[in-house]
2 protein chains.
Amino acid sequence: MRRVRLDDANCPVARTLDEIGDWWTLLIVRDAFVGRTRFSEFQKSLGLAKNILAERLKMLVANGILEKRPASDGGARSEYHLTDKGRDLRLILIALRQWGEDHLFEDGEDMTVIRDPASQPIARLRLANAVGEELGPEDIRVVQGHKKRHAKAGRVESTLA
Amino acid sequence: MRRVRLDDANCPVARTLDEIGDWWTLLIVRDAFVGRTRFSEFQKSLGLAKNILAERLKMLVANGILEKRPASDGGARSEYHLTDKGRDLRLILIALRQWGEDHLFEDGEDMTVIRDPASQPIARLRLANAVGEELGPEDIRVVQGHKKRHAKAGRVESTLA
DNA sequence: ATCGAAAGGTTTCGTTATTAAACCTATTTA
DNA sequence: TAAATAGGTTTAATAACGAAACCTTTCGAT
């Protein structure tokens, strides 16, 4: 009767949720983006039980989202750093953030915001077609049964035609 | 000892995950995007237990993501439809999808893809600054303590300056 | 060098959440 | 009119989560 597994689904959304779709995982990744690397930093920041933090970190390392490596300052404790795969989660975090900003905050409430290196706001994510024209909510259709194409020259395949 | 609540966090990512960050919720929303509206359609498609589907649908309706309304064909059963708030989740679904496509599928595996009304692929989501220049993974910083501004003229506030 | 504290976990145990399956009632369909 | 389907609710078992206690290694101060 274990939890239903979606890791063999042919829907990428389902597979992604299977790997990172629990309460804590993306918050740990968010903290990693903010520069936290140590067990105790995550634990203090998130306030979650140490046993479940330990389990999540193991899972994140096993899935190649975080990398466990010796402390950069020569200390004995190790640090958790984002891999490229983990850094690629930033668009998911931004999408979650923008939706939350829009729908989960009242006017006047304090919230954290994201800035670029020039301290300017970042652009909203937008859904566009191959030519860059904005698509509305009704303009997307899901089609079955495509095979993932080989990524060329070491670069990740782009859905942009 | 109930689950830790994040609905009062000042991080929009945390609040969003608190509301939709469980295993099933986003998959139900994904199904709603594909046009499914009935209890039995969701249940057959997702293969989850009926009691937890019922609970999730209640939560989605309570949170204003789905709307329960009488069947459009005059039948006695009701249908679940996305609200505007629910439709705004599309960028999150696309972000999850693109990450899954990149990192969770081997070459040659079957997967569903998304097309626009002209049957063309959609563009990748991209992280850009206010001027539209692409930002890398290191180019985002989180800043504390901003107050949500009042949305002008009925439109949602844009983080695009 | 030694003592105490902190880091980084693991173990234990109680509570909550998920799950499959059985059950139920109101509607359709044959 | 009978049977099947829709749309749930209830029950009981299992799995995941949570807090606290515990443990070992390392670090900092004396």
Side-chain angles (χ1 to χ4, degrees), chain A residues 1-9 14 17-29 31-32 35-63 66-81, chain B residues 1-9 14 17-29 31-32 35-63 66-81:
Chain A
M1 197 195 293
R2 54 141 34 114
R3 220 196 69 228
V4 172
R5 312 256 48 205
L6 278 356
D7 55 332
D8 62 340
L17 289 173
D18 193 70
E19 188 156 315
I20 58 160
D22 81 296
W23 298 104
W24 292 115
T25 299
L26 280 173
L27 289 174
I28 295 170
V29 171
D31 270 24
R36 294 190 239 270
T37 59
R38 307 286 284 259
F39 188 95
S40 54
E41 289 181 297
F42 292 118
Q43 209 246 317
K44 195 171 350 173
S45 156
L46 298 171
L48 83 174
K50 294 201 289 180
N51 51 351
I52 111 148
L53 174 57
E55 186 191 296
R56 286 299 185 284
L57 287 172
K58 251 175 217 157
M59 179 184 303
L60 283 163
V61 169
N63 287 337
L66 292 180
E67 178 188 15
K68 187 175 187 172
R69 56 189 207 217
S72 48
D73 62 356
R77 275 71 193 256
S78 41
E79 299 177 344
Y80 297 90
H81 287 266
Chain B
M1 200 195 289
R2 49 123 63 95
R3 221 196 69 227
V4 173
R5 312 257 47 204
L6 278 355
D7 55 331
D8 61 341
L17 289 173
D18 193 70
E19 187 155 317
I20 59 160
D22 82 296
W23 298 103
W24 292 115
T25 299
L26 280 173
L27 289 173
I28 295 170
V29 171
D31 270 24
R36 293 190 239 271
T37 59
R38 307 287 285 258
F39 187 95
S40 54
E41 289 181 298
F42 292 118
Q43 209 246 317
K44 197 172 348 172
S45 156
L46 298 171
L48 83 174
K50 295 200 287 180
N51 50 355
I52 112 149
L53 174 58
E55 186 191 297
R56 287 298 187 283
L57 287 173
K58 251 173 219 160
M59 180 185 302
L60 283 163
V61 169
N63 286 336
L66 292 181
E67 179 189 13
K68 187 175 187 173
R69 55 189 208 216
S72 47
D73 63 355
R77 275 70 195 256
S78 42
E79 298 177 345
Y80 297 90
H81 287 266

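As a basis for the values below, the full set of heavy atoms in this structure was taken, side chains included, without hydrogen atoms, waters or symmetry mates. Since we're looking at a predicted model, the values are computed, not measured. A, B, ... follow the sequence lines: proteins, then strands. Residue 1 opens every chain.
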If the cut-off is 4.0 Å, is [X] near the phosphate of [N], judged by side-chain N/O to OP1 or OP2?
{"X": "A:W23", "N": "D:dG18", "result": "no"}
{"X": "A:R38", "N": "C:dG8", "result": "yes"}
{"X": "A:Y80", "N": "C:dG8", "result": "no"}
{"X": "A:K44", "N": "C:dA6", "result": "no"}

Would you kindly give the [atom1]-to-[atom2] distance between [X] and [N], to the nearest whole Å?
{"X": "A:D73", "N": "D:dG28", "atom1": "CG", "atom2": "P", "result": "9 Å"}
{"X": "A:L48", "N": "C:dG8", "atom1": "CG", "atom2": "C1'", "result": "14 Å"}
{"X": "A:F39", "N": "D:dC27", "atom1": "CZ", "atom2": "P", "result": "17 Å"}
{"X": "B:L57", "N": "D:dG8", "atom1": "CG", "atom2": "C1'", "result": "11 Å"}
{"X": "A:K58", "N": "C:dG8", "atom1": "NZ", "atom2": "P", "result": "14 Å"}
{"X": "B:E55", "N": "C:dT18", "atom1": "CD", "atom2": "C1'", "result": "9 Å"}
{"X": "B:L53", "N": "C:dT19", "atom1": "CG", "atom2": "P", "result": "11 Å"}
{"X": "A:D22", "N": "D:dC17", "atom1": "CG", "atom2": "P", "result": "6 Å"}

- Message: So which atom in B:L66 and which in B:A32 form the shortest heavy-atom distance, rounded to 0.1 Å?
- Response: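 That would be CD2-CB, 4.2 Å.
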- Message: Can you give me the closest heavy-atom contact between B:R36 and B:F42, atom names plus distance?
- Response: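 What the structure gives for the nearest pair is O-CZ, 3.4 Å.
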Heavy-atom distance under 4.5 Å between the side chains of [X] and [Y], does that happen here?
{"X": "B:R69", "Y": "B:H81", "value": "yes"}
{"X": "B:R56", "Y": "B:D22", "value": "yes"}
{"X": "A:E79", "Y": "A:K68", "value": "no"}
{"X": "A:L53", "Y": "A:I28", "value": "yes"}
{"X": "B:V29", "Y": "B:I20", "value": "no"}

- Query: Counting only distance, no hydrogens or angles, is the base of C:dT18 paired donor-acceptor with the side chain of B:N51 under 3.5 Å?
  - Reply: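 When only heavy-atom distances are counted, B:N51 does not reach the base of C:dT18 through any donor-acceptor pair under 3.5 Å.
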- Message: As an exercise, state the distance from OH of A:Y80 to CG of A:L60, rounded to the nearest 0.5 Å.
- Response: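 A:Y80 OH to A:L60 CG: 10.0 Å, rounded to 0.5 Å.
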I want to verify a distance call: between [options], whose nearest atom is closest to the [X] side chain?
{"X": "A:A49", "options": "D:dG18, C:dG8, C:dG9", "result": "D:dG18"}
{"X": "B:R56", "options": "D:dG8, C:dT18, C:dT10", "result": "C:dT18"}
{"X": "B:I52", "options": "D:dA6, C:dT19, C:dA7", "result": "C:dT19"}
{"X": "B:K68", "options": "D:dG8, D:dC27, C:dG8", "result": "D:dG8"}
{"X": "A:S40", "options": "C:dT18, C:dT28, C:dG8", "result": "C:dG8"}
{"X": "B:R77", "options": "C:dA7, C:dT28, D:dT9", "result": "C:dT28"}

- Message: Five pairs per end, C1' atoms only: what is the angle between the end axes of the helix from C:dA1-D:dT30 to C:dA30-D:dT1, to 10 degrees?
- Response: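 Overall, the helix from C:dA1-D:dT30 to C:dA30-D:dT1 bends by 30° from one end axis to the other.
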- Message: Between A:K50 and A:W24, which residue's closest nucleotide on DNA chain D lies nearer the 5′ terminus?
- Response: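 It is A:W24, whose closest nucleotide lies nearer the 5' terminus.
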